[in-house]
Amino acid sequence: MLKQTLIDLLTQAAVEAQRTGKLPPVTLPEIALERPQNAEHGDYASSLPLKLARAIGLNPLTIANDLVSLIAPSPEVGQVVAAAPGFINFTLKSDWLARQVEAILKAGETHGNIKLETASRVQIEFVSVNPTGPLHVGHGRGAILGSTLANILAAAGYRVEKEYYINDAGNQIDAFYRSLYARYQQCLGKEAEMPEDGYFGGYMVDLAREIMAGDGDRFHNLPEAEVVSGIGRLGLEKIISQIKADLELLGVSFDVWFSEQSLHEGGQYQAVLSRLQQGGYISEKEGATWFVSTALGEDKDNVVIRSDGSPTYFATDIAYHYDKFLKRKFDTVINIWGADHLGHVSRMKAVVAALGIDPEQLKVIISQMVTLRRGGELVRVSKRSGDIITLRELVEEVGADACRFFFLSRTADSQMNFDLELAKKQSADNPVYYVQYAHARIASILRLARERGIDYEDGDVSLLTTEPELTLIRKMLLLPEMVELIASTLEPHHLTYYAQDLATVFHSFYKQCQVVSSNKALTKARLKLVKAAKIVLSRTLHLMGMTAPESM
RNA sequence: GCGCCCAUAGCUCAGCGGACAGAGCAUCGGUCUUCGGAACCGAGGGUCGAGGGUUCGAAUCCCUCUGGGCGCGCCA
């Protein structure tokens, strides 16, 4: 990658300076390159001299000048200059930039792919909403975060598996079964009371009706317990397939749908408990079984088996992570959880440590809450009361692409407002259209070239020399760096900003440079440029899980 | 009480310890004889919540405080 090439050049210069005695033999700090905000400072800048100055007590500008004189010539770099108070600024060569158009055309949709040294086998688990009701707006955030990260990690060279953990066991499922049974009885015209901890959403009534209409006969004259579990399981399946369909609508898919129930059936639950027991992490007190988190620096211990003998959510999650790390042997596991699971993070890391795994291998992204508003007024979201705006409703209103872009454009760390009225009203000047429009515009130019029978296969990219052209190329070359940045920080929101920047430089280029003109040679060169830009735009959109329309 | 997250332009938000703090929307003003005006160019607008500290250099790191959110269950 270009950035690494420059870092290498700088490192060599520093080593050379030390060899010849211009610099004392101190250990070099990690050499970082930044992108200067001001274009006058070149394409890349390093503050290495400023950092060195502290350690060796020399004037930073002197160090900068010494290093500049030792930087070897390279095909990429044109100018290297020292600048006050002690920066080294690199400017790329125009002819090298122009040649990158060919490189991008050759790479096609693989442009942007990199091979990170740290890339390994990674599992990313996200959404994993309890299948007791439809997905609501807040779930969309995790879904889009996860699927985009998966795309980017794959582009960075990771082997990625996407997983949805289905909580199909435990108390909530029990409550779901009993609620559905009550609704079912009511549909039959019988007296039935909803359980106190039940699910009161209207969808439960619809579900009961649907089951009655479709499978009602099957449950005649059966013992109550069998009816409860029978229609419960049926309802569960229907909800899960609805969740799948809703996610698909958003362009989110999974490689594995993992059943919590299978952890009990498969023996992982027993295996991990005895393993923790052997490690001395399990104790009995107050009639329950506890995981001794305090031994690992936690504030308090946590119950794994209740006094009634049933496992807690925490217990099965321990088994689940045992399965991820020790059975399926993922190198890295990423979990995307909502802010309401915050308290779960540190004890889960403690468990992982207790299993003999470096807790750093477990990365948990907490996505902060989404508060829903309708024209500024807060909309309460509660699955139990049934007052929810479903993800499906949202996608149908604003569209999958706009939905993805909107959720993606904020850091997971901060809470966001989602105003439904605003999302609808602004959909026309949503930045997503701005980016997609750039792509459609290029497609239109290429169509025109085809209609006029212009074959630009032999176009000479060295004719691309003007500022708007080179600015566009510079921006296109940034995609691999974005992939690297996002893969290492796990912060995909950067991509939305990159996409807008890329579209901006394209639109600006378009305004200033006629692509198809009477100058045949220049036309061919620019068609190549524009086609490369289309590749980069579509790749960027695809990484975000969005469509790259040929026209709109 | 303890822990995590947030506070940057009128609004929604970016900002990787570095060179005059950025974008979109909104406001105001320009650009249409040529490839898609869902476009382009420009202007105004900021004591980066407050106060200390570290540093050659702090929106960024540390401490204190204020305001908001979330979490600290034999719930999931």
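Letters go in sequence order (proteins before strands), and every chain restarts at 1. Nothing here was measured: the structure is a model prediction, and the numbers come from that model.
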Whether A:His344 and A:Phe314 hold their rings parallel, tilted or perpendicular, with breakpoints at 30° and 60°: perpendicular
Any strand: nucleotide that pairs with B:C16 via Watson-Crick or wobble, under 3.5 Å: none
Closest to the A:Arg306 side chain, choosing from B:A14, B:A76, B:C35: B:A76
Identity of whatever pairs with B:C2 - Watson-Crick or G-U, under 3.5 angstrom: B:G71
Qualifying residue for ring-ring contact (aromatic ring centres under 6.0 Å, His included) with A:Tyr165, from A:Trp337, A:Tyr320, A:Tyr313: A:Tyr320
Separation of B:G36 C1' from A:Tyr433 OH (nearest whole Å): 17 Å
Earlier contact from the 5' end, RNA chain B, for A:Tyr313 and A:Tyr44: A:Tyr44
Rounded interatomic separation in angstrom, taking CD from A:Gln514 and C1' from B:C35: 5 Å
B:C40: pairing nucleotide in any strand, Watson-Crick or G-U under 3.5 angstrom: B:G30
Short side-chain N/O contact to B:C41 OP1/OP2 from A:His507, under 4.0 Å: no
Partner nucleotide, any strand, of B:A59 [Watson-Crick/G-U, under 3.5 Å]: none
Options B:G24, B:C74, B:U31, nucleotide nearest the side-chain atoms of A:Ser307: B:C74
pair A:Ile305-A:Leu273: side-chain heavy atoms closer than 4.5 Å: yes
N or O in side chain of A:Ser414 less than 4.0 angstrom from B:G68 OP1/OP2: no
Phosphate-side-chain proximity, A:Ser508 and B:C41, N/O vs OP1/OP2 below 4.0 Å: yes
Nucleotide nearest A:Lys511 when distance is taken to its side chain, options B:G18, B:C35, B:G37: B:G37
Nearest-nucleotide comparison on RNA chain B, the residue closer to the 5′ end among A:Gly170 and A:Gly343: A:Gly343
Minimum-distance nucleotide to A:Leu342 side chain [options: B:C75, B:C70, B:C40]: B:C70
A:Ser47 vs B:G57: side-chain N/O to OP1/OP2 distance below 4.0 Å: no
Closest non-hydrogen atom pair, A:Ala45 against A:Pro36: CB-CG, 3.8 Å
Sugar-phosphate, base or nothing in reach of A:Glu550, heavy atoms under 4.0 Å: base
Aromatic ring of A:His41 stacked on base six-ring of B:A19, 5.5 Å, 30°: yes
Between A:Ser517 and A:Asn519: side-chain donor-acceptor atoms closer than 3.5 Å: no
N/O (side chain, A:Gln37) to phosphate O (OP1/OP2, B:G22) under 4.0 Å: yes
Shortest side-chain distance from A:Tyr434, nucleotide among B:A39, B:C74, B:C35: B:A39
Nucleotide of B:A19, B:G36, B:C5 approaching A:Asp413 most closely (side-chain heavy atoms): B:C5
Nearest to side-chain heavy atoms of A:Ala45, which nucleotide of B:G36, B:A19, B:G69: B:A19
Counterpart base for B:C11, defined by Watson-Crick or G-U wobble contacts under 3.5 Å: B:G24
Selection from B:G36, B:A76, B:A14 that lies nearest to any side-chain heavy atom of A:Tyr510: B:G36
Aromatic stack A:Tyr497/B:A23: centroid gap under 5.5 Å, interplanar angle under 30°: no
